[in-house]
Amino acid sequence: MNTIRHGDAMLTDWRDTAARFQREVGKAVVGQERAVRLVTIAIFSRGHVLLEGDVGVGKTTLLRAVARALGGAYERVEGTVDMMPSDLIYHTYLADDGRPRVEPGPVLRKAEDLSVFFFNEINRARPQVHALLLRLMAERSLTAFNREYRFPDLQVFADRNRVEREETFELPAAARDRFLMEIGMEAPRDAQARRDLVFDPRFHDTDALVSGLKPGIIDHAAVSGIANAIQHSIKASPEIEAYVVALWEALVRPAEAGIRLPGIDMAALIKGGASPRGLAFLVRAARVRAWLEGREFLVPEDIRDVFPEVMAHRVFLEPVYEMRRETIVPGLIRAVFETVPAP
């Protein structure tokens with residue numbers, strides 16, 4: 001294995017730090033090694049993360065553990081049906097003297113030191129709230145109180161309950177595209193992990209579990225610089241570049257690639273999505289994976305490993321197929337991998 005040589009002690013030390021981060025977060029969530037790994041990749045890719053899954057599988061626990069180990073100023077909001085965009089920016093109240101007061105809301109409370117913004121149950125908030133969050137995620141800036149606030153170190157983490165449909169609002173495609181990854185979480189299937197979650201008292205008190213983790217393992221203020229160094233250090237050969245483009249072509253034009261799925265008109269399946277921005281995010285995440293593996297170059301497995309979480313939510317299906325997305329899109333991605341030869 002060819003190890004990274006860039007200035008090199010720095011990236012090597014940071015890779016060790018990333019491994020410590022994963023181990024620490026893993027203490028709070030059992031049987032979720034892949035989810036922890038993907039979140040780590042997202043952090044060093046400077047991308048936002050949306051977690052999906054059933055109720056009670058550990059989404060919130062994972063994100064709280066990530067926030068503690070990542071360090072920096074942290075804020076959390078709970079999505080509600082009556083939440084308004086202004087609730088993120090400020091809140092008003094009557095002081096003891098009877099006069100109205102205005103104070104910064106969760107986004108501005110820590111001002112530009114905000115590092116982790118956790119939006120719990122994001123699909124319970126209205127589209128107007130999503131629109132404000134979209135700007136915050138895309139531009140890492142916000143205008144309020146006659147000035148512009150910038151959040152250079154900000155990463156947004158959110159979770160979505162995909163079980164309940166009442167009083168929920170699906171995220172628009174533009175908002176979902178701002179998330180680097182959508183990571184699905186399920187209850188662990190390993191028998192020992194299931195027993196631990198049920199019978200080990202440590203996992204019954206989330207507050208104590210998270211507070212027992214070592215805080216600030218990662219210097220959040222330095223992540224952007226390290227992320228930039230990773231992107232410039234990990235090289236892609238012409239063969240890998242051609243492979244990524246071929247995967248892209250097969251994903252957005254499956255009929256022309258010769259892909260067939262049972263009961264589906266492949267020529268009428270894809271409505272849009274999978275834009276160049278999405279492919280750029282894919283390569284960013286793949287480079288971080290290669291770095292974590294101790295390589296200075298991309299291999300096909302780097303691309304394939306992060307492909308579902310980075311690309312699946314960027315593929316927009318025709319309405320007739322959208323209700324079957326959870327089965328169609330994974331099947332399409334598997335078919336793309338089988339159709340496009342790896343270099």
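Because the structure is predicted, anything quoted here is derived from the model rather than measured. Positions are given from 1 along the sequence.
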Applying side-chain hydrogen bond (donor to acceptor under 3.5 Å, both in side chains), run through T17 and R20 and close with a yes or a no. CA-CA 5 Å; T17 299; R20 291 198 305 274; 3.2 Å; yes
Has R101 got more than 12 heavy atoms of other residues, nucleotides or ligands less than 6.0 Å from its CZ? yes
Other residues, nucleotides, ligands: >12 heavy atoms within 6.0 Å of R99 CZ: no
Tell me which pairs pass ring pair (Phe, Tyr, Trp, His ring centres under 6.0 Å) where either residue lies in residues 252-273, with sequence neighbours left out. none
Given the rule in the side-chain hydrogen bond (donor to acceptor under 3.5 Å, both in side chains) test, do S224 and R46 qualify, once you have shown the distances and angles that lead to the verdict? CA-CA 7 Å; S224 292; R46 302 299 296 135; 3.1 Å; yes
Charged N-O contact under 4.0 Å between [X] and [Y]:
X	Y	answer
R37	E293	yes
R15	E296	no
E309	R34	yes

Got a sec, which residues hit side-chain contact (heavy atoms from CB on, under 4.5 Å) with [X], two or more places apart in sequence or on another chain?
X	value
T92	Y90, V102
Q128	P85, R126
K214	E24, I217

Smallest separation among heavy atoms of [X] and [Y], with atom names:
X	Y	value
H48	R178	CD2-O, 3.6 Å
A335	T339	O-OG1, 2.7 Å
V306	A285	CG2-CB, 4.1 Å
L114	V107	CD2-O, 3.6 Å

Those residues at least two apart in sequence (or on a different chain) that pass salt bridge (charged side-chain N to carboxylate O under 4.0 Å, His left out) with R195 are none
Flag the pair [X] / [Y] as yes when at least one side-chain heavy-atom distance between them is below 4.5 Å, and no otherwise.
X	Y	result
V66	I43	yes
I230	W14	no
L88	F117	yes

Can you check whether M10's main-chain N or O pairs, donor with acceptor, with D13's side chain at less than 3.5 Å? no
Option passing side-chain contact (heavy atoms from CB on, under 4.5 Å) with R64 (candidates V25, V116, D207, L209): D207
Residues at least two apart in sequence or cross-chain that pass ring pair (Phe, Tyr, Trp, His ring centres under 6.0 Å) with F307, listed by chain then number, are F337
